[in-house]
Amino acid sequence: MVLKIINGILIAVAVFMGLKQGWAMLSGKEEMLTMFGKWHFSKTAVAINGAVTIISSLLILFPKTFLWGNFVMAASILLIICFHLLEKDLKGMAIELPFFFLNLIIIYLGHPLKS
């Protein structure tokens with residue numbers, strides 16, 4: 001029971017962060033455009049990445065799409081981590097790493113409402 005409560009809190013954090021960062025990308029916030037611009041992403045590509053992030057965070061909420069939502073979100077975070085490593089930015093990679101592990105932990109614990 002306690003594990004399901006902890007997992008529910010972790011899911012809420014992951015969904016909140018996914019929606020927050022996804023909206024920042026979709027709306028074209030300057031810091032997002034600057035970060036992705038280093039990797040030659042256009043404004044449209046950043047917006048598409050933001051839409052995918054929002055959709056994946058919403059998929060996490062439902063037990064039937066829980067795994068796919070976590071998988072897509074973890075893959076998008078892994079993409080950002082790889083781009084940081086390509087430019088040897090260990091600080092940027094270290095910032096993204098906890099969010100990547102958060103999705104992996106949530107996948108391991110499973111959806112708290114699934115019977």
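Quick caveat, the model's predicted, so the values are computed rather than measured. These values consider heavy atoms only, across backbone and side chains, with no hydrogens, waters or symmetry-generated copies.
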>> Quick one: does any side-chain atom of Asn70 pair with a main-chain N or O of Phe66 as donor and acceptor, under 3.5 Å?
In response: yes

>> Counting only heavy atoms from other residues, nucleotides and ligands, does the tally under 6.0 Å from CH2 of Trp23 exceed 12?
In response: no

> Do Gln21 and Lys29 have side-chain heavy atoms sitting under 4.5 Å apart?
Replying inline: no

> So how far is it from Glu30 CD to Thr34 OG1, rounded to the nearest 0.5 Å?
Replying inline: 4.5 Å

> So if you build clusters from Ile, Leu, Val, Met, Phe, Trp, Tyr with side-chain heavy-atom gaps below 4.5 Å, do Leu86 and Leu78 land together?
Replying inline: no

>> Once rounded to the nearest 0.5 Å, what's the spacing between atom CG of Asn103 and atom CE of Met17?
In response: 11.0 Å

>> Let me confirm one number: the CD1-CG distance from Ile5 to Asn7, rounded to the nearest 0.5 Å.
In response: 11.0 Å

> Would you say Ile77 and Ile54 are hydrophobically clustered, going by side-chain heavy atoms of ILVMFWY under 4.5 Å?
Replying inline: yes

> Do you know which two heavy atoms are closest between Ile11 and Pro112, and how far apart they sit?
Replying inline: CD1-CD, 3.3 Å

> Just how far is it from atom NZ of Lys4 to atom NE2 of His111, taken to the nearest 0.5 Å?
Replying inline: 10.5 Å

> For the hydrophobic clusters of this structure (ILVMFWY residues joined by side-chain heavy atoms under 4.5 Å, transitively), does one cluster hold both Trp68 and Leu19?
Replying inline: no

> Any chance CZ of Phe71 has more than 12 other-residue heavy atoms, nucleotides or ligands included, within less than 6.0 Å?
Replying inline: no

> Hey, quick one: are Val13 and Leu3 part of the same hydrophobic cluster, counting side-chain heavy atoms closer than 4.5 Å, chains of contacts allowed?
Replying inline: yes

> So, does Thr65 use its side chain to make a donor-acceptor pair with the main chain of Leu59 at under 3.5 Å?
Replying inline: yes

> So, for Met73 and Ser57, which heavy atoms are closest and what is the spacing to 0.1 Å?
Replying inline: CE-CB, 3.3 Å

>> Using every non-hydrogen atom in the two residues, find where Met93 and Ile81 come nearest and quote the distance to one decimal.
In response: CG-CG2, 3.5 Å

> Under a single-linkage definition using a 4.5 Å side-chain heavy-atom cutoff for Ile, Leu, Val, Met, Phe, Trp and Tyr, are Phe99 and Ile105 assigned to the same hydrophobic cluster?
Replying inline: yes

>> Testing the basics here: between Gly69 and Ile60, what is the closest heavy-atom pair and its distance to 0.1 Å?
In response: C-CG1, 3.7 Å

> For the residue pair Ala94 and Pro98, what are the closest heavy atoms and their distance?
Replying inline: O-CD, 3.1 Å

> Where is the tightest heavy-atom contact between Asn49 and Ser76, given as atom of each residue plus distance?
Replying inline: OD1-CB, 4.4 Å

> Checking side chain to side chain contact (heavy atoms under 4.5 Å, CB included) for the pair Leu85/Leu90: CA distance, chi angles, key distance, verdict?
Replying inline: CA-CA 7 Å; Leu85 288 175; Leu90 293 179; 3.9 Å; yes

> Yes or no on side chain to side chain contact (heavy atoms under 4.5 Å, CB included) for Phe83 and Asp89, after CA distance, side-chain angles and deciding distance?
Replying inline: CA-CA 9 Å; Phe83 279 131; Asp89 179 13; over 6 Å; no

>> I'd like to know whether Leu61 forms a side chain to side chain contact (heavy atoms under 4.5 Å, CB included) with Leu58, so could you lay out the CA-CA distance, the side-chain angles of the two residues, the decisive distance to 0.1 Å, and finally the verdict.
In response: CA-CA 6 Å; Leu61 294 173; Leu58 292 175; 4.3 Å; yes

>> Just checking Lys38: does its NZ atom have more than 12 heavy atoms from other residues, nucleotides or ligands closer to it than 6.0 angstrom?
In response: yes

> CD1/Ile48 to CE/Met25 distance, rounded to the nearest 0.5 angstrom?
Replying inline: 12.0 Å

